[in-house]
Amino acid sequence: MAKERFNHAQIEAAAQKKWEELDLYTTDLEDSSKDPYYLLFEFPYPSGDLHIGHWYAFALTDIYARYLRMQGKNVLFPIGFDAFGLPAENAAIKNKVDPKEWTLANMERMRGQIRTMGTSVDWSKEVVTCDPSYYKWTQWLFAKLFEQGLAEHREAPVKWCPKDQTVLANEQVSDGKCERCGTEVVERTLTQWFLTITKYADRLLRDLEPLPWREDIKEAQRAWIGESEGAKLTFALERETTAESLASATVFTTRPDTIFGATYLVLAPEHPLVEELLASAHNAEEIRAYRDTTARKTERERSENKEKTGVALGGVIAVNPASGERIPVYIADYVLASYGTGAVMAVPAHDERDFAFAKKFNLPIKQVVVPCAVDPKNPPQEGFVEVKRDTVIVHLRDVSTGKFALLDWHGTLEGITTAIMGGVEEGQTPEEAALAEIKEEAGLTGVRIVERLPWITAAKYCASHKQENRCAHTYGFIAEVDDLSSQTAVDASESDKHTLVWVDESEVAKRLTPIHQKQVWQLLHAEEALTDDGYLIASGSFTGRDNREAMWEMVDSIGGERVKNYRIRDWLVSRQRYWGCPIPVVYDPEGNPHAIASEHLPWLLPEDVDFSPTGVSPLATSKELKERVTRIYGEGWTPEYDTLDTFVDSSWYFLRYLDPKDEHDFSDQTLMKKWLPVDRYSGGSEHTTMHLLYARFFQKALYDLALVPTAEPFNERFNRGLILGPDGAKMSKSKGNVINPDEFVAKYGADAVRMYLAFIGPYNEPGSYPWNLDGVDAMRRFLDRVYALKDAQVDSEVSPALSQALARAAKKIGGESERFKFNTAISGLMIALKELEAAETLPREAFQEFLRLLAPFAPHLAEHLYEGEGSVHAASWPVGVVEETDEITVIVQVNGKKRGEITVQKTASEEEVVALAREYEAVIKAVDGASIAKIIYVPGRILNLVTGGP
RNA sequence: GCCGGGGUGGCGUAAUUGGUAGCCGCGCCUGCCUUAGGAGCAGGUUCCCUCGGGAGUGGAGGUUCGAGUCCUCUCCCCGGCACCA
């Protein structure tokens, strides 16, 4: 017999009607009788249809909104539409419809769908970014930024999408492709509007630290801002032949400690000095050709091919300000014009890119930092003096077999395997020392040194018998021997210490035991720069010092400047598209930009426009716009034809929610003081670096203008996971795995669908979940079980046990909801339901209390079954007190393994518990006659008996 | 490559933050009910086992009376950044 299933369509419609009649969700922002709580989710783009992702975004934040209201909070839970943007324009081009009509129709459709979801959003605060009453204030704020010098009009190379026919922000380009349509972007030089977010880079970074955000979100922002600390150093440029001073080049480096190792200088192809020095170069043609080739390449093409290219600035040299060395100057596109100073000092020994370039162009590689390994078995001791010793390590190869000689040590050094090694004695060259050691330790003569290794390395260890720390400054050699048969035997005193062994090349690294031995061998084969820290060599008066410790002194000594540099670029906001907020600027007859005065705002988007994509801004085709400018400003004045990036619209919408209809101000100062910052902002991880950073920048700029009361817009930020298609792949129309929620809502009901989404996993973590119908079905079964209990209600007293069960549930469900862990909150509901079902009789009061716990999760069904006054959503969250019982369960362990559990009075002493435990059969068996050496008792939790001997 | 977050049953997940590993759900198994079941109900379900137990949270060590949780090394997955000097 099928269980009675409720008619969800009927119940939902009735509940929604009731909420509207009671006007349940209009927030009185002035109300000061309750704590304000601003719960925000990212407002949707009106694409036309509500998809399952919208449900995940809106319905789950709605759970929290409802919970907070029941907690007695005054909750602001608003919604609006991010209504400007490309899809409308593309639809317009394709289907010959008006973008405005298209957008308005979509919004109307989505409003209806959102209403049927049963979310408790406050429609009275709705904002629509394409509405003149909204964009009037986007324009007003832009004008404010312009007045502050935070909006700049300048020529710059920009990313251009040939398909969308518009400029893109750096952030909208990924892998060299337009983020929106996937078309390869090209670079163009245009005069564009920029918001100078770089001026706030430092504050955006610093103010991030105290925010209670998840580390990965903060880290993504930090990486985007990309702070690096370093120095600006200046190199004089001279004519190579006459030493005539030509100019000077400033470089940015994060490694000024390696200045003595700078063996050449590199300028970005776009660097202004390149043009300036062209006349002095003897290979001007070559340079021009290189510059042109580079200019024709997209940034992607440049970075895709990691093979270094470049050309020397022939006849020009730079003077290393530290060493005085005259070093060559190159032009290469691995140096970016847009980062740092567009010029670098190249230290091939200690920078991977410089190393690759130096190898290719045969430039000198000069080591100035010696990386230092520490012997982990014998580390330097605090307080001992450090003594530096020059040492050598020899890798000796037998030419006839190709094997290498190693020494297996005996005695106190048993188990250690090294190469032939030893100290460099007074008056010896390292080469001589190497040959001497070969003779001494291996007893070999007729050996030749074939190579001195390029890098010097070091190892630190403690020589405890001498009370000193040693630093072995080590030169490496490769030596070869032809004929082993004619060799003399090793001195007996040496052969006692070690045995000479010959091993294959591939075995060497595995056999070497002390860490620096291994390191030297690896360096021998390492064709790469040394980027590790260590001590300085060949660095004038700084030689011997720790590189990090000496760094800033070195900067001072050559008149360098300590600076911080940021990777973030200014925000390009000009778009050559129609469906956006017109940039509120006009140009005087001289071409200077002027912000449009507030009495002319909103500066309306003209309607007599041909918006087919031609590469010029559609607004340029408007007759009305030109006439408007002439009428207001006079002959010779011209309009700005570009529109704003839609991220500008969405950078302040949460301020407008507080006063959406205000005609005299962008928001309300008093209400902002009361409601900002947003308490919790829930959204998608795709907005971590753009929207979130832009909104923070806007807030700070407005804060500095005293237009908003806080420097940060959002307190908590939660990023939700992703709902995948049933096939586990990201939903996309092309894959045909898009879930349309309407179908499932019709079949299972809105409550079941939202509970399924809530139960799927923790909401505040970046997981991804495939859509699974069985899960929706399970939620419907749960709701059917709830519904089935409605007729079991009797007017009897609630038993203490049931009362306690509900109190525990209220506590758990509340706590989990607080942390957006709706999955475990629902688990709490299921446990509570089981307890209600198991009760002999179901007191009405108990079931009604359960409905209050259910209300945020299944708002329609809870409303339908609720018998109290008004709406269940206006009821308060149950505040059951979880009482402690007199009896407690103690887990008994023997040697950390669980052997049983005993129930004792809460007041029982340790002795009593131990005595009880020792009578327990499994415990007796586990102890097995052994004596108890130790007893660990955590009252009320655990007893651990640790056995000693028999 | 660098940075961040993770690896727990067949699956999604849970674990009071150092104290009973596997809650809740899916799936699966058994039984009941039913003309029927892609319905409902009850029970079971980490693995191995000689039914006494034993093993177990990616792997290897360590700290601790006790480790999914802390430390060291290592492997793998996801996300971000990436010629940023």
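The chains referred to below are lettered A, B, ... by the order of the sequence lines, with proteins before strands, and numbering in each begins at 1.
Across the strands present, A67(B) finds no partner; the criterion is a Watson-Crick or G-U wobble pair with both atom distances under 3.5 angstrom. C81(B): Watson-Crick or G-U partner is G1(B), with both key distances under 3.5 Å. Shown here, A55(B) forms a base pair with U46(B); the pair counts as Watson-Crick or G-U wobble because both key distances fall under 3.5 Å. Remark: U17(B) base-pairs with no nucleotide in the shown strands. Criterion, Watson-Crick or G-U wobble with two distances under 3.5 Å. Pair assignment for G38(B): none, as no Watson-Crick or G-U wobble contacts are both less than 3.5 Å. Look at G25(B): its Watson-Crick or wobble partner, with both distances under 3.5 angstrom, is C11(B).
Residue contacts for I826(A): at a heavy-atom cut-off of 4.0 Å it reaches no nucleic acid atom on any strand shown. Nucleic acid contact for I760(A): sugar-phosphate only, since backbone atoms but no base atoms lie under 4.0 Å from a heavy atom of the residue. Using a 4.0 Å heavy-atom cutoff across all strands shown, S228(A) reaches sugar-phosphate atoms only and no base atom. Residue K898(A) is in base contact, counting any heavy-atom pair closer than 4.0 Å across all strands shown. Within the nucleic acid shown, Q893(A) comes within 4.0 Å of at least one base atom, counting heavy atoms only. Residue P770(A) is classed as having no contact, given no heavy-atom separation below 4.0 Å to the nucleic acid.
With both ends at atom P, the span from G10(B) to U46(B) equals 10 Å, rounded to whole Å. Here the separation of A14(B) from G80(B), taken at their C1' atoms, is 28 Å to the nearest Å. For the C1' atom pair drawn from G62(B) and G18(B), the interatomic distance equals 16 Å after rounding to whole Å.
Within the structure, every pair that satisfies the salt bridge (charged side-chain N to carboxylate O under 4.0 Å, His left out) test and touches residues 758-779 of chain A, not counting sequence neighbours, is listed here: D777(A)-R781(A).
Between G19(B), A14(B), A85(B), one nucleotide has an atom nearer to the side chain of T824(A) than all others, and that is A14(B).
Looking only at distances, no side-chain donor or acceptor of D784(A) sits under 3.5 Å from a matching main-chain atom of R5(A). Checked by atom type and distance alone, the side chain of R720(A) never pairs as donor or acceptor with a backbone atom of S682(A) at under 3.5 Å. Under a 3.5 Å cut-off, the side chain of Q804(A) and the backbone N or O of V881(A) do form a donor-acceptor pair.
Here G12(B) presents its C1' atom at 8 Å from OH of Y769(A), a figure rounded to the nearest Å. One interatomic measurement links the two molecules: CE of M755(A) to P of G12(B), which rounds to 21 Å at whole-angstrom precision. Distance, R781(A) CZ to C24(B) C1': 13 Å, rounded to whole Å. Spacing between atom CE of M779(A) and atom P of G25(B) amounts to 9 Å, rounded to whole angstrom units.
Side-chain nitrogen and oxygen atoms of Y334(A) include none within less than 4.0 Å of the OP1 or OP2 phosphate oxygen of A85(B).
Using a 4.0 Å cut-off between a side-chain N of Lys or Arg and a carboxylate O of Asp or Glu, R222(A) and E215(A) qualify as a salt bridge.
The cationic atom of K308(A) (NZ for Lys, CZ for Arg) lies less than 6.0 Å from the six-membered ring centre of Y334(A) and within 45° of the ring axis.
In the interface, the side chain of N944(A) is paired with the base of C65(B) through a donor and an acceptor atom under 3.5 Å apart.
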Distances under 3.5 Å between protein N/O atoms and the N/O atoms of nucleotides 52-54 of chain B, please, pair by pair.
residue: G52(B); atom: O2'; partner: K925(A); partner atom: NZ; Å: 3.2

